[in-house]
Amino acid sequence: MVCEEVLNIIRERRKELMEKERGDGDLLSRMLLVTDKNGKFMNEKEISNNIVGLLVASYETTSTAVTVVLKYLAELPHIYTQVFKEQMEIAKSKGPNELLTWEDIQKMKFSWNVACEALRLSPPAQGAFREAITDFTYAGFSIPKGWKTFWTVHTTHTNPQYFPEPEKFDPSRFDGSGPAPYTYVPFGGGPRMCPGKEYARLEVLVFMHNVVRNFKLEKAIPNEKIVFHASPVPMKASTLMTNKYLKASLLDRLRGVTSHMP
Ligand code: HEM
């Protein structure tokens with residue numbers, strides 16, 4: 001159904017481009033107009049696969065990221081207070097309806113450390129496949145050239161050699177230059193590293209800014225377990241329904257009433 005809908009959008013856009021009703025300023029238009037070195041265009045199916053791939057890669061990962069950030073903010077009031085302080089300093093420097101700027105985002109250092117620590121302990125993506133390009137031995141196992149291997153995020157993030165007391169929530173791990181290369185990999189690493197990382201950072205920080213400025217957080221289900229359905233999700237709620245997870249838990253700062261996420 002999604003693929004069918006995407007194909008309809010692609011056909012519509014192709015028509016608009018041919019009739020010059022639209023510029024080539026967005027990704028879909030670029031995909032329709034770009035050619036390979038032999039001048040061949042991508043067909044509809046290839047474009048549709050790319051768009052669906054992008055939706056899958058970007059949607060639930062980011063929604064999980066904001067869910068786990070909120071979980072830790074609700075569980076750790078001392079962390080919430082520091083994030084609140086940082087975000088209020090930024091908010092106070094702005095006019096009533098003035099939007100956040102790129103410079104404001106760069107000031108959100110502690111908030112991003114908190115998000116990074118949340119992504120360390122509850123990474124939205126569990127890993128990815130790589131093909132061995134040479135024979136090698138790892139931890140006593142011989143891996144022949146050509147084998148597919150799966151690198152895992154969570155075990156990498158809880159290696160005590162790089163993250164002392166790995167279960168402790170400690171945003172200061174990301175101070176200065178942060179963890180050693182390839183020890184912290186929520187967005188992967190190397191040439192296939194997540195291309196949406198900076199966009200995701202922006203989304204998470206803008207979300208944190210708007211939530212902590214307006215609401216205090218309380219968990220609706222205090223001991224709710226996190227289960228892994230590809231991404232970590234609160235057992236009785238869903239990453240796609242953050243409002244349910246936080247039901248009755250956002251205490252409106254200004255009016256002092258309990259509220260729901262929009
Ligand atoms: C917190 C949010 C996100 C997390 C944790 C995340 C994580 C990841 C990880 C672990 C990979 C595999 C990287 C590797 O193999 O080394 C990946 C790939 C990818 N991500 Fe993300 N991602 C996030 C958000 C996004 C967003 C917002 C977009 C697009 C706007 C996106 C687009 C992609 C794409 C297209 C790939 C495949 C790249 C390739 O194979 O060359 N991701 N992501």
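Remember, it's a predicted structure, so these values are computed and weren't measured experimentally. Hydrogens, waters and symmetry mates play no part in the numbers below; they use all other heavy atoms, side chains included. When a ligand or atom number is given, it counts from 1 through the structure's own listing order.
Looking only at protein heavy atoms, the nearest one to atom 5 (C) of ligand 1 is Pro186 O, 3.5 Å. Summary of contacts: the protein heavy atom closest to atom 22 (N) of ligand 1 is Cys194 SG, 3.1 Å. Here the heavy atom of the protein found nearest to atom 32 (C) of ligand 1 is Ala57 CB, 3.6 Å. In terms of protein heavy-atom proximity, atom 19 (C) of ligand 1 is nearest to Pro195 CD, 3.7 Å. Nearest to atom 6 (C) of ligand 1 among the protein's heavy atoms is Phe187 CD2, 3.7 Å. Of the protein's heavy atoms, Thr61 OG1, 3.5 Å lies nearest to atom 24 (C) of ligand 1. Distance from atom 13 (C) of ligand 1 to its nearest protein heavy atom, with residue and atom name: Arg192 O, 3.3 Å.
Close approach to Gly188 involves these atoms of ligand 1, each under 4.0 Å from a residue heavy atom: 10 (C), 13 (C), 14 (C), 16 (O). Short contacts between ligand 1 and Ser58, defined as distances under 4.0 Å to a heavy atom of the residue, involve ligand atoms 25 (C), 26 (C), 27 (C), 28 (C), 29 (C), 30 (C). Listed by number with element, the atoms of ligand 1 under 4.0 angstrom from any heavy atom of Gly189 are 16 (O). In summary, the atoms of ligand 1 found under 4.0 Å from a heavy atom of Trp151, numbered by their order in the structure, are 14 (C), 15 (O), 16 (O). Of all atoms in ligand 1, numbered sequentially from 1 with element shown, those under 4.0 Å from a heavy atom of Ala65 are 1 (C). With ligand atoms numbered from 1 in the order given, ligand 1 contributes 16 (O) to contacts under 4.0 Å with heavy atoms of Met193. The Ala128 neighbourhood of ligand 1 comprises atoms 15 (O), with distances under 4.0 Å to a heavy atom of that residue. Residue-ligand proximity, Leu54 to ligand 1, at heavy-atom distances under 4.0 Å covers atoms 35 (C).
Looking at Thr81, Val68, Ile79 one by one, the single match for side chain to side chain contact (heavy atoms under 4.5 Å, CB included) with Leu73 turns out to be Ile79.
Glu103 has no carboxylate O lying under 4.0 Å from a charged side-chain N of Lys107, or vice versa, which leaves the two without a salt bridge.
Between Tyr184 and Phe174, the distance from one ring center to the other falls under 6.0 angstrom.
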For a side-chain contact (heavy atoms from CB on, under 4.5 Å) check, start with the C-alpha distance between Met208 and Val83, then their side-chain angles and the critical distance, and finish with the verdict. CA-CA 8 Å; Met208 287 171 83; Val83 170; 4.1 Å; yes
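In this structure, Gly190 falls outside the shell of residues with a heavy atom less than 4.0 angstrom from ligand 1.
Using modelled atom types, no side-chain atom of His154 and backbone atom of Ser122 make a donor-acceptor pair closer than 3.5 Å. Formation of a donor-acceptor pair under 3.5 Å by the Arg173 side chain with backbone atoms of Pro164 is found in this model.
With rounding to the nearest 0.5 Å, the separation of CD1 in Ile10 from CD in Glu12 is 12.0 Å. Note that CD1 of Ile47 and CZ of Arg30 are 12.5 Å apart. Values are rounded to the nearest 0.5 Å. Distance check, rounded to the nearest 0.5 Å: OG1 of Thr149 to CZ of Arg130 gives 8.0 Å.
For the 3.5 Å distance criterion, the side chains of Ser111 and Glu86 qualify, holding a donor opposite an acceptor.
For Ala125, every heavy-atom contact with ligand 1 shorter than 4.0 Å involves the side chain, none the backbone.
The aromatic rings of Phe129 and Phe150 sit perpendicular to each other, their planes meeting at more than 60°, with 30° as the lower class boundary.
Polar contact with ligand 1: present for Arg130 (N/O pair, distance under 3.5 Å).
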